[in-house]
Amino acid sequence: MSERRLHFLAHYDWIRRGLMFEPRGHDMMSGGFIYSPIHPEHDAAILFIETSGCLPMCGHGTIGIVTIAIEEELIIPKTDGRLMLEVPAGLIKVEYRSTNGKVDSVKITNVPSYLAADDLKAFCPALGELTVDVAYGGNFYAIVDVQENFKGIDSYTASQLIDWGRALRADINQRYSFVHPLDPSIKGCSHILWSGKVKDEKSTARGAVIYGEKAIDRSPCGTGTSARMAQWVAKGKLKIGDSFVHESIIGSKFIGKAEAMDRVGNFPAIIPSIEGWARITGYNTIIIDDEDDPYAHGFQVI
């Protein structure tokens, strides 16, 4: 799937742009394509698309795709309640619960996740110098915990977090290099996770994930939750087997868990799981006709 991802980007990226960008999409749009699996013992393969490109892994995208694929019988599981899915970042295991054909929840056992670097210095023009950790959970995340120059996500507007996240990400990628040790096509810090106080005292942590040019995740972010659990385990804040309830900027939740220890190259890693739910909200027929439409392949204002 990693090779399929690169092939799609090289030859068919106009499809992603046409679907994700205006006028058919919007800045927060994300989606995915269901492929036949490369290995016949697996159930399916998924290619994720969004405004910023084709992600190696997407947790909330997997939850949504599995929900609609099971309810609409786009994927027929080899074992009821379980799926083995190939994604560009690797192989993921999925368990889902359903009632009368409707999927109630989806649990993903994600790819091994690890803390890539900690206590890095980075600069954000509006905030000044910040200390960040960078962790991998299917994508590379710069995690900004509450500190002297950052008071937490409730102290700022979503627009500020997006603008500052874009500037901070550019500074981090200029100063540092991040490459997955087993797949060099997965590289660079693509996401910023700003932290803050939880809304529900039963939750473990809360974050606002910035991606693309001006997008903020409405979900707690599956790969971001995986990256944050890897950070917490590495720093002794979370133990294997402990539950990790992660809140998004709007208060929606994923239930995470560090299932086991592993290794990625020379990095100690965890096997994370994430559980959440999705709902089908509608159906759409999209037309991309570039014969006489100059905007057929989409556009972005920023």
Side-chain angles (χ1 to χ4, degrees), residues 1-6 37-39 41-42 45-46 48 54-59 61-62 82-95 107-120 131-145 172-173 175-193 195 204-205 207 209 220-246 254-275:
M1 280 307 296
S2 181
E3 292 174 348
R4 283 177 171 178
R5 170 177 172 258
L6 296 177
I38 296 169
H39 299 286
E41 66 269 24
H42 302 152
I46 300 175
F48 304 102
C54 291
L55 296 178
M57 173 57 187
C58 181
T62 301
R82 299 176 181 271
L83 293 171
M84 296 296 288
L85 299 179
E86 301 166 357
V87 302
L91 183 66
I92 61 173
K93 181 176 72 174
V94 174
E95 302 171 65
K107 180 181 178 181
I108 304 163
T109 300
N110 197 13
V111 295
S113 304
Y114 65 95
L115 180 64
D118 63 344
D119 296 331
L120 299 179
T131 300
V132 304
D133 295 340
V134 174
Y136 175 82
N139 307 287
F140 283 106
Y141 286 78
I143 302 170
V144 188
D145 289 312
I172 290 170
N173 282 320
R175 294 188 187 209
Y176 309 104
S177 176
F178 305 100
V179 181
H180 193 283
L182 305 181
D183 186 347
S185 71
I186 301 175
K187 56 186 177 181
C189 174
S190 54
H191 295 64
I192 302 294
L193 194 160
S195 67
T204 311
V209 169
C221 187
T223 54
T225 301
S226 299
R228 201 164 189 194
M229 287 192 290
Q231 176 208 27
W232 277 40
V233 169
K235 296 203 161 190
K237 298 174 64 176
L238 185 71
K239 297 179 181 178
I240 298 299
D242 286 351
S243 178
F244 184 90
V245 181
H246 205 196
F254 283 162
I255 301 173
K257 182 183 289 186
E259 299 283 354
M261 294 298 298
D262 202 348
R263 293 195 72 83
V264 176
N266 294 325
F267 294 96
I270 64 166
I271 302 295
S273 68
I274 313 101
E275 184 172 4

Exercise for the section: Find the distance between CD1 (I274) and OG1 (T109) and round it off to the nearest 0.5 Å. Expected result: 8.0 Å
Exercise for the section: Any chance you could measure N139, atom CG, to I186, atom CD1, to the nearest 0.5 Å? Expected result: 8.0 Å
Practice task
For salt bridge (charged side-chain N to carboxylate O under 4.0 Å, His left out), just list the numbers for R228 and D133, CA-CA rounded to whole Å, side-chain angles, deciding distance to a tenth of an Å, and then say yes or no.
Solution key: CA-CA 9 Å; R228 201 164 189 194; D133 295 340; over 6 Å; no
Problem - Minimum-distance pair of heavy atoms, taken over all atoms of P272 and S113 - result: CG-OG, 3.4 Å
Handout entry: Separation between OG of S185 and CG of L6, rounded to the nearest 0.5 Å
Key = 5.0 Å
Exercise for the section: Nearest 0.5 Å please: distance from the CG atom of N110 over to the CD1 atom of I271. Expected result: 8.5 Å
Exercise for the section: Answer yes or no: is there an ion pair linking K237 with D242, defined by an N-O contact shorter than 4.0 Å? Expected result: no
Handout entry: I143 side chain near S195 side chain, heavy-atom distance below 4.5 Å
Key = no
Fill in the blank from the handout: Heavy-atom closest pair (A116 atom, F140 atom, distance to 0.1 Å) is CB-CE2, 4.1 Å
Completion exercise
Those residues at least two apart in sequence (or on a different chain) that pass ring-ring contact (aromatic ring centres under 6.0 Å, His included) with F48 are none
Exercise for the section: Any chance you could measure Y136, atom OH, to T223, atom OG1, to the nearest 0.5 Å? Expected result: 8.5 Å
Exercise for the section: Would you confirm whether the ring centroid of H246 sits within less than 6.0 angstrom of the ring centroid of F254? Expected result: no
Fill in the blank from the handout: Rounded to the nearest 0.5 angstrom, the CG-CZ distance for L120 and R175 is 9.5 Å
Fill in the blank from the handout: All heavy atoms of P112 vs all of D262, minimum pair found to be CG-OD2, 3.6 Å
Exercise for the section: Before giving the answer on side-chain contact (heavy atoms from CB on, under 4.5 Å), spell out for M1 and I46 the whole-Å C-alpha distance, their side-chain angles and the decisive distance to 0.1 Å. Expected result: CA-CA 8 Å; M1 280 307 296; I46 300 175; 5.8 Å; no
Problem - Residue pair P37 / M84, side-chain heavy-atom distance below 4.5 Å - result: no
Handout entry: Salt-bridge criterion met for E259 and K93 (N-O under 4.0 Å)
Key = no
Practice task
Could you pull out the closest heavy-atom pair between H180 and Y114, with the gap in Å?
Solution key: CA-OH, 4.0 Å
